[in-house]
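Structure, as structure tokens:
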Amino acid sequence: MRKFDYDLFVIGAGSGGVRASRIAAGHGARVAICEESRVGGTCVIRGCVPKKLLVFASQFAEAFQDCAGYGWQAEAPTFSWPDLIAAKDKEIDRLNKIYLKLLETAGVDLHMGRGRLVDEHTVEVGDKRFSAERILIAVGGRPWVPDIPGREHGITSDEAFDLEDLPRRVLIAGAGYIAVEFAGIFAGLGSEVTLAYRRDLILRGFDDDVRRAVEAGLAGRGIDIRYQVEPARLERSDHGIEVTFSDGSAQVVDQVMFATGREPYVWDLGLENAGVHLGPGNRIEVDEYSRTSAGHIFAVGDVTDRIALTPVALMEGHAFADTEFGGMDRPVEHANTPAAVFSQPPVGTVGLTEAEARDRGHAVRIFRSQFTPMKYTLSDRQEKALMKLVVDADTDRVLGCHVVGPDAPEMLQGFAVAVRAGLTKADFDRTIGIHPTSAEELVTLRQPVAD
Ligand code: NDP
């Protein structure tokens, strides 16, 4: 008789959990997964996917502005937020059903409800208990909101996707991925947007040239960026939400959105019942095989706070399942993970920033180009794209590639292959450009920037 109900029980049916369960089942494991909300997780239900649909919607504003330069004359277009949200919801429902079908086809048992560890091999979901030889925790993260008076009057990205109306005036707190992406969404759709950030330049952690280029793009779209301030108090009044900032200044808006980071969703998981240790910031500590302090319990994705990106969670879940159930040896690899920010203008990036390369002791040659994208010539849009390569001066290896401008995220996927493969600047130079594109600039950067 089998000792456990399942070979693998996965808590959390987001990107990492679903991928791991399907791959493990494909390797012949008996797998179950539980989910307290909707199958698909943050990315599909209230993250990357609906966000990108909203970005598409907001980009039409720019297209309407630019089309006159190309001979189009159009009536002033109107926009309906409720229509957009309804269309977005329909698409998310469709994707949710696809995820459910994927689990069914893979033979994975789905138990709806919150999973909680009862002991080292038992998971409780509602009033049912299941035993499993191995357990995978893939519960993701949740928005984190600073503890200021009146914070309940604000929203996070979770609620932003389901607002009944488009706010006329929005304050966004924070200047990371979510803040700059939503600043562009709201501004494109017609809101007055203020972004308040406690430091002095948005997108900390990105290359400084990238940060300045995006800052210029946001300002050019009318977004009011306020540095060295953060909301200190929110009060609801007849006029909207009155925001008092840390410097004593005040502003009235219709919506305040906190984009002040996310935290691992470890609340009431029963980790202590199974000997799973937490690290700084309440992340679940794991090794390179995603193994926690309890040898047969693993964790992948945002709850481990390694790199909080969907494709990284997919890779971690896949590697775990291959190693534990497929007889392979697949440690996770996070080096040279490409990333995109779907801000307006968007960012695509891979590898080291200039500052990181210097900090790690590389002698670097920097290649940089700023130019008006061809599409903006006839429309007379005053915005420059940025292309930047960080090259090791000793080995000629391209350490980092950073792009801001139209199609940057699409462009970077291919260049990420090159950087990951360890190609040199000479390899880039030998590559023939595709003309006329913006991307060809990356293979025609001849002169390094003077130190
Ligand atoms: P980020 O970590 O990107 O940004 C958080 C922002 O909040 C920073 O500007 C940070 O400031 C600020 N902040 C943090 N703590 C406080 C505080 N106590 N008071 C005031 N401000 C504070 O988090 P996001 O929530 O934007 O996104 C979470 C993660 O989700 C990202 O890191 C990314 O991995 C992922 N994501 C990826 C996307 C993509 O791939 N396109 C899109 C959206 C999210 P400071 O710089 O000073 O720390």
Side-chain angles (χ1 to χ4, degrees), residues 177 203 205-214 288 306-316 318-319 322 328-343 345-371 373-374 384-451:
Y177 281 83
L203 289 176
F206 287 79
D207 188 273
D208 286 347
D209 286 321
V210 166
R211 300 168 73 189
R212 282 188 283 267
V214 178
E288 60 188 330
R306 288 175 277 185
I307 299 179
L309 297 174
T310 297
V312 173
L314 294 172
M315 176 272 291
E316 292 168 354
H318 202 133
D322 279 349
M328 300 176 216
D329 179 23
R330 286 198 58 199
V332 295
E333 277 189 74
H334 293 105
N336 288 322
T337 296
V341 187
F342 294 95
S343 46
V347 178
T349 176
V350 65
L352 300 182
T353 67
E354 180 178 346
E356 282 169 344
R358 292 188 195 280
D359 285 351
R360 291 185 193 191
H362 294 277
V364 292
R365 286 188 301 150
I366 302 298
F367 295 84
R368 187 173 54 216
S369 172
Q370 278 188 290
F371 57 93
M374 190 173 170
K384 299 235 182 281
L386 167 78
M387 309 257 160
K388 179 169 178 177
L389 293 180
V390 180
V391 178
D392 187 303
D394 298 322
T395 62
D396 197 40
R397 187 175 165 166
V398 178
L399 301 172
C401 176
H402 311 278
V403 177
V404 179
D407 304 320
E410 298 289 343
M411 222 181 276
L412 253 290
Q413 187 67 79
F415 281 100
V417 176
V419 172
R420 185 174 177 86
L423 297 190
T424 60
K425 178 68 170 56
D427 293 318
F428 277 53
D429 294 344
R430 267 200 299 276
T431 305
I432 293 174
I434 300 174
H435 187 72
T437 64
S438 292
E440 67 181 315
E441 201 75 16
L442 284 171
V443 294
T444 53
L445 288 165
R446 296 286 172 243
Q447 287 301 321
V449 175
D451 257 346

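Side-chain atoms of Arg365 do not come within 3.5 Å of backbone N or O of Ala393 as any donor-acceptor pair. A donor-acceptor pair under 3.5 Å is absent between the side-chain atoms of Asp322 and the main chain of Ala319, judged by distance alone. Of the possible polar contacts, none joining the Arg430 side chain to the Val443 backbone as a donor-acceptor pair under 3.5 Å is found.
Taking NZ from Lys425 and CG from Leu445, the interatomic distance works out to 6.0 Å, rounded to the nearest 0.5 Å. We find the CG-CD distance between Asp207 and Glu356 to be 8.5 Å, quoted to the nearest 0.5 Å. Note: Arg212 CZ to Phe206 CZ = 15.0 Å, rounded to the nearest 0.5 Å. If you take CG on Leu386 and CZ on Phe371, they are separated by 8.5 Å, rounding to the nearest 0.5 Å. Atoms CD1 and NE2, on Ile307 and His334 in that order, are 5.5 Å from each other to the nearest 0.5 Å. The CZ atom of Arg368 sits 11.5 Å away from the CG atom of Leu389 when rounded to the nearest 0.5 Å.
Of all the heavy atoms in Tyr177 and Leu203, the pair that sits closest is N-CD2, 4.1 Å. The two residues Arg420 and Arg397 come nearest to each other via the heavy atoms O-NH2, 4.5 Å.
Between Thr337 and Leu309, the closest side-chain pair of non-hydrogen atoms falls below 4.5 Å.
Each of Thr395, Asp392, Val390, Asp394 was evaluated against His362; a single residue qualifies, Asp392, per the side chain to side chain contact (heavy atoms under 4.5 Å, CB included) test. Evaluated for a side chain to side chain donor-acceptor pair (under 3.5 Å) with Ser369, the options Lys384, Lys388, Glu441 yield exactly one hit, Glu441.
For Met374, the side-chain contact (heavy atoms from CB on, under 4.5 Å) partners two or more places apart in sequence, or in a different chain, are Pro436. For Arg358, the side-chain contact (heavy atoms from CB on, under 4.5 Å) test picks out Glu354, Val364, Ile366, Asp451, with sequence neighbours left out.
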Enumerate, atom names and distances included, each donor-acceptor pair closer than 3.5 Å involving a side-chain atom of residues 398-418, sequence neighbours excluded.
from: His402; atom 1: ND1; to: Thr349; atom 2: OG1; distance (Å): 2.8
from: His402; atom 1: NE2; to: Leu352; atom 2: O; distance (Å): 2.8

